[in-house]
Amino acid sequence: MPAPADGLRAPALRIRGLKHWFADPEGGRVLAVDVPELELARGETLAVTGESGSGKTTLLHLIAGILPADTGTIEIAGESMSGRAETGRDRLRARHVGYVFQAFHLLPGLTALENVALGMTFRPTLGAAPQSAARAALARVGLSDRLQHRPGQLSTGQQQRVAIARALAGRPTLVLADEPTASLDRTRGEACLDLLTAFAAECGAALLVVTHDLAALTRFPRRHTLATAAEARP
Amino acid sequence: MNLLQLAWLGLKRRPVSTALTVLYVALGAALALVVARSHAATETSFRDAARGYDLLLAPKNGSGLQAVLATVFYVDEPAGTLPWSVYEELQKDARVKAVVPYAMGDTYAGHRVVGTTRAHFEVLSDGTKRPIGEGVTGRLFDEQAFEAVVGSLAARTGGLGLGSEIQVSHGVRGAGAQHAERWKVVGVLRPTGTPQDRAVFIPLETFYKIEGHGGHAEPGHAGPGREEPGHAEGHAEPGHDAPGDERSGRRLSALGVRLGAPHLRLAAFAQWRDTHPDAQPVLPTDEVLRLLDDVVAPLSRVFRGAVGLVLLVGALGILVGLYNTLQGRRREIAVLRALGARPGHVFTLIVLEGVLLCLLGGLVGLALGYGTLAALSSHALAEYGVRLSPAPETFDLGLLLGLAGLGILAGAFPAWRGLKTPVAESLTKES
């Protein structure tokens, strides 16, 4: 689906009436995510919080198009994620979304450089060559001297920085970070958030961070709290 | 980074499993190469040997195939004899470029003893078109002397060298009594990869000097009234003999004919078929093709089927191997999907791994096969007259392409299963 002409002026993320249910073992449905309205401009940051089970990670999966939303609309850079087939959602995600996982999810057999380049493998168009963009991103996160190191040879903090470089090397419109400080101690967690927000700002990307870390939350002027999951009849 | 690099990195991450699978496919590919090359070399050997002559003239009371097997391959008994006059007639025929007489009926240490002329060594050649008489150790025999030239295999297995003396035994199966005459070995042929390697050659003139083989009516071991099939002996041929010419009563086992031009072949065949009451023309290449079609081709199909099964089992091994790794790769697949990989990317990635395994196995297998062929080549040439070539051929490329196809088939099912990976669940479980 082509981007509208005013794609560059469109917000990085726009959500309207989003609801998603999971089936429960008794045949009913559990409302996992309920976001009536949410908008995030390019370059803006937002922290999403909520209790355990409030659907924070599921919300990220819905925004990224990994899961299809049951109702409502999600637009990324003016392009609708809703209503697209799986392949269409994959394309939109590859084009606009960078993802930082809680457990980093670096592929163990690949070097830091290969892991970052992997993040751009599936992007349909990219200005810079993936290798040079990956090198630049790793340099930006301070890992120029660790290009050929595999994840097992890196510290936890370094792995997180590789994950951040992977998410941002392709200059996405929107960066989704799922509990990025959960695996780090307080000092490293703060450093990670500093890096993430600064790098996203440099790229002009909107940043949506899911966290239940109160210290992390204080660093974000704008926050959104998800309601606790509520049961709904099918 | 592209999918091919990613597939290669994926294989490198599982070195033991990859190495074992590659080895399995390699053994299958090596087997396929060696079997195919041996089969082709055997066929070539048959065809080359049969191409030595445009036509054979053989006794009328045997089949064409029997004549070829007896005269070209030295493996069957000649079906009878021809009058000498046919030889003389062909020598005068303008269409005939060369005619070589053969008289057979004796053996030495299990090797066929062939009475012939020096023309035999000039007319026949090996698979490289080099006359078999070239490169002889020693020299060719004097046509009037009790001298012998032996094939390379006959020399080795019979323990013969220059200066050795041989006595031949009566009968093509070697079960008869030993003749009193002795021949001195004056030449040993180089290995030619032809039936000539297995034979012992003596001058035709001396063949008739063997007691009982004489140019006249008393053939000795196959004299009048007890003629033995295939044993060229002498008894008078009424109507053909020139009085006083001792050769006219001789009999021959067969004649090899080289014509002046290939297009004369069918015309000469038809004419001699209709005009010779005691001889039949035989087209050796046709007989060998028929033999290959009737006997060798079915065997070849069985071999090919067996090799195909081996490769299929290799492909199944790849399928099972890739399938078994899927469970441990759910997170990897989910991460790729989260990074924007479409189902087609995941499918292609896993299929590429199957193709890479097959191609790697194929390349290692070809190397193993070439090594095996190189190691066997001298033995095969010396023992079986088969010229095995360890050099790459078009077939090898076909084998690699076939293996790539098998890799696609082997990877398709695991790849299809990989598409079923629940992305969100796999990402969350690992979180």
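Values in this document were obtained by computation on a predicted structure and should not be read as measured data. These values consider heavy atoms only, across backbone and side chains, with no hydrogens, waters or symmetry-generated copies. Lettering follows sequence order; numbering is per chain, from 1.
- Residues A424(B) and I66(A) approach most closely at N-CG2, 3.8 Å, considering heavy atoms.
- Shown here is F303(B), whose CZ atom has no more than 12 heavy atoms of other residues, nucleotides or ligands within 6.0 Å.
- Contact of the L67(A) side chain with the V423(B) side chain is not registered, since no non-hydrogen atoms from C-beta on lie closer than 4.5 Å.
- Using a 4.5 Å cut-off on side-chain heavy atoms (C-beta onward), L427(B) and H61(A) make contact.
- Residues H345(B) and F122(A) have side chains in contact (heavy-atom distance under 4.5 Å, counting atoms from C-beta outward).
- Distance CG/L6(B) to CG/L110(A): 6.5 Å, rounded to 0.5 Å.
- To the nearest 0.5 Å, the span separating CD on E86(A) from CZ on R342(B) amounts to 11.5 Å.
- Options G344(B), P422(B), G340(B) differ in how many heavy-atom pairs under 4.5 Å they form with chain A, and the most are formed by G340(B).
- Residue H224(A) qualifies as enclosed at atom NE2: its count of foreign heavy atoms under 6.0 Å is above 12.
- Contact of L336(B) with chain A is made through backbone and side chain together, with heavy-atom distances under 4.5 Å.
- In terms of heavy-atom pairs under 4.5 Å with chain B, the best-connected choice from L60(A), L106(A), T87(A), T58(A) is T87(A).
- Around the CZ atom of R186(A), the shell of radius 6.0 Å holds no more than 12 heavy atoms that belong to other residues, nucleotides or ligands.
- Counting heavy atoms from C-beta outward, L339(B) and R166(A) have side chains that approach closer than 4.5 Å.
- With a 6.0 Å radius and a threshold of 12 heavy atoms from other residues, nucleotides or ligands, R13(B) has its CZ atom above the threshold.
- R93(A) places a side-chain N or O within 3.5 Å of a backbone atom of R337(B) that can act as its donor or acceptor partner.
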